[in-house]
2 protein chains.
Amino acid sequence: METGVTHPVVSDAIELEQFLPYRLSRLTNTVSNAIAELYRDSFGLSIPDWRVMAVLARFPGGSAQDLVARTRMDKVAVSRSVARLVERGLIHRTTSSKDRRRSSLLLSDEGRSVYARIVPMARDAESQLLAALSDRERVALDKLLDALQGAADTLGAAD
Amino acid sequence: METGVTHPVVSDAIELEQFLPYRLSRLTNTVSNAIAELYRDSFGLSIPDWRVMAVLARFPGGSAQDLVARTRMDKVAVSRSVARLVERGLIHRTTSSKDRRRSSLLLSDEGRSVYARIVPMARDAESQLLAALSDRERVALDKLLDALQGAADTLGAAD
DNA sequence: TGGCTATAGTTTCATTTGCAACCAACCGGA
DNA sequence: TCCGGTTGGTTGCAAATGAAACTATAGCCA
């Protein structure tokens, strides 16, 4: 790799490898790509699809709006995942009688079956990541992620 | 929010909020979106653009291939960022005389000037994140990220 | 009731992204 | 010196993403 020492180096240049946002982005991409491949190859599901199913498994009967709140996904993404999953028969959609704009979403039997088969794969991937950490470090990680997320939430908030 | 307690809940459902890949993804998205907005609004640069400039600031004269190695970006993304930046006059491209496939890339004076103005913003954003952590925790975070990246790198490697 | 505003969800369109195919230049051996 | 394989980089195309417009329904209040 060319080092370029013959050229002027900007004095206070940032070292990308040490730059937190870059490191986070790289880590997340690596993890997400590996997991996305897993879900896709095994069940033809995208990560958004998986998230929708995961939430419906825990909170059955919710609306698309509830999914938006619980997954932080964009409502368009939710709408599309739901449409795909309904299409594939993995979830059932029934229009609410009280509010005909809303619909109530439920995993179908097949949806639950698929979900049950994904869960171990997801847990396994997570375990492989956490295997690199001691118990102590896992506790620390938990705290750090919460703290960072909290700080991140206020990052652009100075608008 | 609809709780849906009247419906069957899958027994060993995953709690998305606690699922490490989800938390990483959410954190990274929050951070990246905030920073992307910053760079875009201030200088019309995307994050890939910024990364290319950051590497060229530290390693002037490198080739697109060097950028790929140092940023872990896709070579297509590098190609497009470089094209944009050359177009805007922020970097200079000169075809290497030894290997006419390669070109050597350098920040222009304007490029260095823009870069110099972004650096404080980038550092500032990073500082705001790290402000949520104690010194001790920062050290821990550094280690954890390396460990997780290492584990992540071997995640899909069982192919 | 009529009319205004707000919400649920979908569609449309423009932008971004990423893989695969591609072109051009280099390299090593017959 | 020609030929097969490799590398540097770009282009084409198709899928993913996201903002904004749109449809339909609900709720409020004069």
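Note on naming: letters A, B, ... go to the chains in the order of the sequence lines (proteins, then strands), and numbering restarts at 1 for each one.
- Residues A:V76 and A:L85 do not share a hydrophobic cluster, defined by chaining ILVMFWY side chains whose heavy atoms lie under 4.5 Å apart.
- Of the residues near DNA chain D, B:N33 and B:A64, the one whose nearest nucleotide (by heavy atom distance) lies more toward the 5' end is B:A64.
- With distances taken from any side-chain atom of A:S103 to the nucleotides D:dT17, D:dT10, C:dG9, the minimum falls on C:dG9.
- When the nearest nucleotides of DNA chain D are assigned to A:S46 and A:S96 by heavy-atom distance, the more 5′-ward of the two goes with A:S46.
- Put simply, CE on B:M73 is 9 Å from P on C:dT17, counting in whole angstrom units.
- Considering only side-chain N and O atoms, A:R93 lies under 4.0 angstrom from the phosphate OP1 or OP2 of C:dT10.
- Nearest nucleotide to the A:Q65 side chain, out of D:dG12, C:dA8, D:dG18: C:dA8.
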*asked:* Please determine whether side-chain contact (heavy atoms from CB on, under 4.5 Å) holds for the pair B:Y115 and A:I14, giving the CA-CA distance in whole Å, both sets of side-chain angles, and the decisive distance to 0.1 Å.
replied: CA-CA 10 Å; B:Y115 177 75; A:I14 278 188; 3.8 Å; yes
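- Taking only side-chain nitrogens and oxygens, B:S79 never comes nearer than 4.0 Å to OP1 or OP2 of D:dG9.
- A:R80 places its CZ atom 12 Å from the C1' atom of C:dG9, with the value rounded to the nearest Å.
- Out of D:dA26, D:dG12, D:dT7, the shortest distance to the side chain of B:R101 is found at D:dT7.
- Regarding contacts with the backbone of C:dT7, every side-chain N or O of A:R102 stays at 4.0 angstrom or more from both OP1 and OP2.
- Between A:R100 atom CZ and C:dA8 atom C1' there is a gap of 13 Å when expressed in whole angstrom units.
- Proximity of B:R23 to B:R26: side-chain heavy atoms (C-beta onward) are nowhere separated by under 4.5 Å.
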